[in-house]
2 protein chains.
Amino acid sequence: MSIKIIIADDHQIVRQGLRTLLEKEPDLEVVAEAEDGRKTVSLVEEMHPQVVIMDVNMPELNGIEATRQILTRHPGVKVIALSMHTDRRFVLNMMRAGASGYLLKDCAFEELSQAIRLVLANKTYLSPGVAEIIIQDYVRGIPQQASSAFSVLTRREREVLQLMAEGKSTSQIAEAIHVSVKTVETHRQQIMNKLGIRSIAELTKYAIREGLTSLEI
Amino acid sequence: MSIKIIIADDHQIVRQGLRTLLEKEPDLEVVAEAEDGRKTVSLVEEMHPQVVIMDVNMPELNGIEATRQILTRHPGVKVIALSMHTDRRFVLNMMRAGASGYLLKDCAFEELSQAIRLVLANKTYLSPGVAEIIIQDYVRGIPQQASSAFSVLTRREREVLQLMAEGKSTSQIAEAIHVSVKTVETHRQQIMNKLGIRSIAELTKYAIREGLTSLEI
DNA sequence: ATAAAAATCAGGCTTCTCCTGGTTGTCTCC
DNA sequence: GGAGACAACCAGGAGAAGCCTGATTTTTAT
């Protein structure tokens, strides 16, 4: 039986390219594609893949949060992060979220293929550049508790923060996560209280620094 | 004879994916790949392709500058921009540099394939989202010159934008620059209209990119 | 089992936003 | 030197969004 894979990336042409590459390997099967984190989570529920290739930066729900949610419910699924950045924050948070591998988009396809085999054998695969970062941090004795959004804010709060930082209005957020406007308002207040921030502009900057959103509009 | 294509993108796996997709079409041939703008320019000299698929954001020499250089020497080459962003500045500058098409990475491969045929017939292809932007700017009468904050916005507007991006409320801004709240509101609307932006979060990101504010809170 | 934390929502008041409109001063261009 | 364009300023008013308080249910942790 072939290995079932879901591809999550916000760019369709990248997904198509990856799919074509993956399907050249006879034992790999791409069973679904997702363009954002939320979609990825629900597709995992539905399709039960063994592996998820996950872009780190996605709209709606980022790859880190999506990974966390997927692994809470399906601890057996192997998530391989595929990212443009070697930003230590992304790497750290992604691995904390339970990813089995972290590859840079600037890698050869052969590396991805190899990574899939490795994670299925319960090993961890890191791109060379990424491994370096982790080792550097380790030898430098950098305190491994980035006391950030990921420790202060709850899951839901991070979700709401991301959507806010993407420019969504309260009602749009309410619609996106299927709760009432009032709930979103409460979350926002809670976030602002916890962070001691009082404006959307500063929240946005915070979210950018924490990697919850990017500078792109 | 097949159509000779060069792929320029700084991520190897994206290049490989594109190549695989393109080579499924019997009349297309990828003769080279480049990981930055400088390499792309020299590869065009060497390989004489008909088409260059060009990522906009690349290290060393960005896609815009590379396009300009290629077309100065080889006006017949068709450059198709492939970008993650719908940022109007990129679109505008890329088209000014002489690109024959502008596609979003979030497009289907079929779109790229179609775009290649079109540009070879001396037509221009724009992704729907991109075309919208240009039309929006046009109907709004936005001055069609490199729309950076320093040419589009007035001095007062930049001032207000900066204060907004620093987290100030409308009334705080009014107080700071000694005008009425109503005036600040008008400025804000004017800014949003000019930039085609509809939320404080996105305004903040814009201001950061333009250097009007920093990421620090 | 029990307490704490997270997630959900509502009422009612305040504030902000959005749209349309207007005035004044300055500049350029012919 | 007058017309037109633009910048900077301001207002009214409807509707949307925000803020504060308080409350219930679900989940998690001990």
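Numbered from 1 within each chain, the chains take letters A, B, ... in sequence-line order. No experiment lies behind these values; they were computed from the predicted model shown.
- Helix bend of the helix from dA1(C)-dT30(D) to dC30(C)-dG1(D): the angle between its two end axes, each built from five pairs, comes to 60° after rounding to 10°.
- The distance from atom CZ of Arg156(B) to atom C1' of dG25(C) is 14 Å, rounded to the nearest whole Å.
- When heavy atoms are screened at a 4.0 angstrom cut-off, His187(B) is found touching the sugar-phosphate backbone but no base atom.
- In this entry the distance linking CD1 of Ile173(B) with P of dA8(D) reads 15 Å, nearest Å.
- Rounded to an integer number of Å, the gap from Gln190(A) CD to dA4(C) C1' is 14 Å.
- Within 6.0 Å of atom CD in Glu175(A), 12 or fewer heavy atoms from other residues, nucleotides or ligands are found, so the atom counts as exposed in its surroundings.
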Checklist line | salt bridge (Lys or Arg N to Asp or Glu O under 4.0 Å) between Asp55(A) and Arg15(A), intermediate numbers included | finding: CA-CA 10 Å; Asp55(A) 188 19; Arg15(A) 291 197 302 274; over 6 Å; no

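- When each of Val181(A) and Lys194(A) is assigned the nucleotide of DNA chain C with its nearest heavy atom, Lys194(A) is the one assigned upstream, toward the 5' end.
- At the heavy-atom level, Ser180(B) lies under 4.0 Å from the strands shown only through sugar-phosphate atoms.
- Shown here is Lys123(A), whose NZ atom has no more than 12 heavy atoms of other residues, nucleotides or ligands within 6.0 Å.
- Across the protein-nucleic acid pair, Lys168(B) atom NZ and dT15(C) atom P stand 20 Å apart, rounded to whole Å.
- One finds a side-chain N or O of Thr183(A) lying less than 4.0 angstrom from the OP1 or OP2 phosphate oxygen of dC9(C).
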Next item on the list: For each nucleotide in nucleotides 15-24 of chain D, reading 5' to 3', give B when a protein heavy atom comes within less than 4.0 Å of its base, S when such contact involves only the sugar-phosphate, and - otherwise.
Entry: --SBBBB---

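- In this structure, CD of Glu159(A) is placed 9 Å from P of dA7(C), rounded to the nearest angstrom.
- Whole-Å rounding puts the Ile191(B) CD1 to dC18(C) C1' distance at 15 Å.
- Distances shorter than 4.0 Å separate none of the side-chain N or O atoms of Thr154(B) from OP1 or OP2 on dC6(D).
- Ion pairing between Asp27(A) and Arg117(A) holds under the 4.0 Å rule for side-chain N and carboxylate O.
- Looking at Leu112(B), Leu103(B), Asp106(B) one by one, the single match for side-chain contact (heavy atoms from CB on, under 4.5 Å) with Ser127(B) turns out to be Leu103(B).
- Counting all heavy atoms, side chain and backbone alike, Met95(A) lies closest to Tyr102(A) at SD-CB, 4.1 Å.
- The CG atom of Leu28(A) sits 9.0 Å away from atom CD of Glu23(A), with the distance rounded to the nearest 0.5 Å.
- Salt bridge present: Glu159(A) and Arg38(A) bring a charged side-chain N and a carboxylate O closer than 4.0 Å.
- Salt bridge status for Lys205(B) with Glu202(B): absent, with no side-chain N to carboxylate O gap under 4.0 Å.
- Distance, His178(B) NE2 to dA8(D) P: 17 Å, rounded to whole Å.
- Leu161(B) places its CG atom 17 Å from the C1' atom of dA7(D), with the value rounded to the nearest Å.
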